[in-house]
Q: 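Okay, here's the structure, questions in a sec.
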Amino acid sequence: QVQLVESGGGSVQAGGSLRLSCAASGYTWSIYCVAWFRQAPGKEREGVARIDPSAGSTYYSDSVQGRFTMSQDNAKTTLYLQMNSLKPEDTAMYYCAATPRYSRSWCAEHPGPDDYRYWGQGTQVTVSS
């Protein structure tokens with residue numbers, strides 16, 4: 001059973017940094033897409049970053065490109081989201097997610113929350129101005 005547990009959220013002032021962690025277990029990392037999503041109050045859940053392990057590629061949304069970095073530890077058991085230059089509009093609940101890679105291009109072509117099968121419980125990030 002895939003399990004994902006996020007941590008590292010908190011409150012920070014604009015311009016600050018946070019690093020989120022997601023402890024992942026129960027899956028074979030090389031055949032799963034993994035991602036970070038976020039959801040602000042009253043808004044739809046949106047993709048922030050995702051990793052395609054087969055291609056060794058990482059994709060970012062336009063809103064976080066250049067400020068956020070997604071990575072994995074060497075054992076592939078922990079996902080990270082390093083968030084720098086935080087803005088008030090980054091305030092949201094952040095979730096890590098995973099799904100089987102059903103085809104070679106699945107991770108690249110399926111970025112939406114409906115494409116992901118397994119979810120963590122979320123961790124809150126609040127950025128004040």
Q: For Gln82, look at atom CD and say whether over 12 heavy atoms of other residues, nucleotides or ligands are found less than 6.0 Å away.
A: yes

Q: State, to 0.1 Å, how close Val127 and Thr91 come at their nearest heavy-atom pair, and which atoms those are.
A: N-OG1, 2.9 Å

Q: Which distance, rounded to the nearest 0.5 Å, do you find between the CZ of Arg101 and the CH2 of Trp29?
A: 9.5 Å

Q: How many angstroms lie between atom CE of Met70 and atom OG1 of Thr58, to the nearest 0.5 angstrom?
A: 7.0 Å

Q: I need the Glu89 CD to Lys43 NZ distance, nearest 0.5 Å.
A: 8.5 Å

Q: Please list, chain by chain and in numerical order, all residues satisfying ring-ring contact (aromatic ring centres under 6.0 Å, His included) with Tyr95, sequence neighbours excluded.
A: none

Q: If you look only at pairs with a residue in residues 102-129, which of them pass as a ring pair (Phe, Tyr, Trp, His ring centres under 6.0 Å), with sequence neighbours excluded?
A: Phe37-Tyr116, Phe37-Trp119, Tyr102-Trp106, Trp106-His110

Q: Evaluate the side chain to side chain contact (heavy atoms under 4.5 Å, CB included) criterion for residues Val34 and Arg50: first the C-alpha distance (whole Å), next the side-chain angles of each, then the deciding distance (0.1 Å), finally the verdict.
A: CA-CA 6 Å; Val34 289; Arg50 67 192 188 279; over 6 Å; no

Q: Quick one, Tyr32 and Cys107 - any side-chain contact, counting heavy atoms below 4.5 Å?
A: no

Q: With sequence neighbours excluded, what pairs up with Tyr94 under the ring-ring contact (aromatic ring centres under 6.0 Å, His included) test?
A: none

Q: Give the minimum heavy-atom separation between Leu4 and Ala98, together with the two atoms involved.
A: CD1-N, 3.8 Å

Q: Going through the distances and angles, do Thr126 and Val12 end up as a side chain to side chain contact (heavy atoms under 4.5 Å, CB included)?
A: CA-CA 6 Å; Thr126 302; Val12 64; over 6 Å; no

Q: Report the C-alpha separation of Arg38 and Met93 in whole Å, then their side-chain angles, then the decisive distance to 0.1 Å, and conclude whether the side chain to side chain contact (heavy atoms under 4.5 Å, CB included) test is met.
A: CA-CA 5 Å; Arg38 68 185 181 186; Met93 185 71 78; over 6 Å; no

Q: Can you name the closest pair of heavy atoms from Leu79 and Cys96 and give their distance?
A: CD1-CB, 4.4 Å

Q: I want to check something: taking the side chain as every heavy atom from C-beta on, are Leu81 and Arg19 in contact at a cut-off of under 4.5 Å?
A: no

Q: I need the full list of ring pair (Phe, Tyr, Trp, His ring centres under 6.0 Å) pairs touching residues 58-83, with sequence neighbours left out, sorted by first then second residue.
A: none

Q: Under a 3.5 Å distance rule, please check whether Thr78 uses its side chain to pair with a backbone N or O of Asp73 as donor and acceptor.
A: no

Q: Assess, by modelled atom type and distance only, whether the side chains of Ser61 and Ser63 contain a donor and an acceptor separated by less than 3.5 Å.
A: yes

Q: Please test Thr123 against Leu20 for side chain to side chain contact (heavy atoms under 4.5 Å, CB included), starting from the C-alpha separation and ending with a verdict.
A: CA-CA 8 Å; Thr123 186; Leu20 306 183; 4.0 Å; yes

Q: Compare all side-chain heavy atoms of Glu6 with those of Gln121 and state whether any distance is below 4.5 angstrom.
A: yes

Q: Would you check if Asp90 and Arg67 make a side-chain contact, meaning some heavy-atom pair closer than 4.5 Å?
A: yes

Q: Sequence neighbours excluded, which residues qualify as side chain to side chain donor-acceptor pair (under 3.5 Å) partners of Asp52?
A: Ser54

Q: Please answer whether the main-chain N or O of Pro88 pairs with a side-chain N or O of Ser129 as donor and acceptor at a distance below 3.5 Å.
A: no

Q: With sequence neighbours left out, what residues match Arg104 under side chain to side chain donor-acceptor pair (under 3.5 Å)?
A: none

Q: Once you round to the nearest 0.5 Å, how far does OG1 of Thr69 lie from CG of Asn84?
A: 6.5 Å

Q: What's the separation between atom CD in Gln124 and atom OG in Ser11, rounded to the nearest 0.5 Å?
A: 8.0 Å

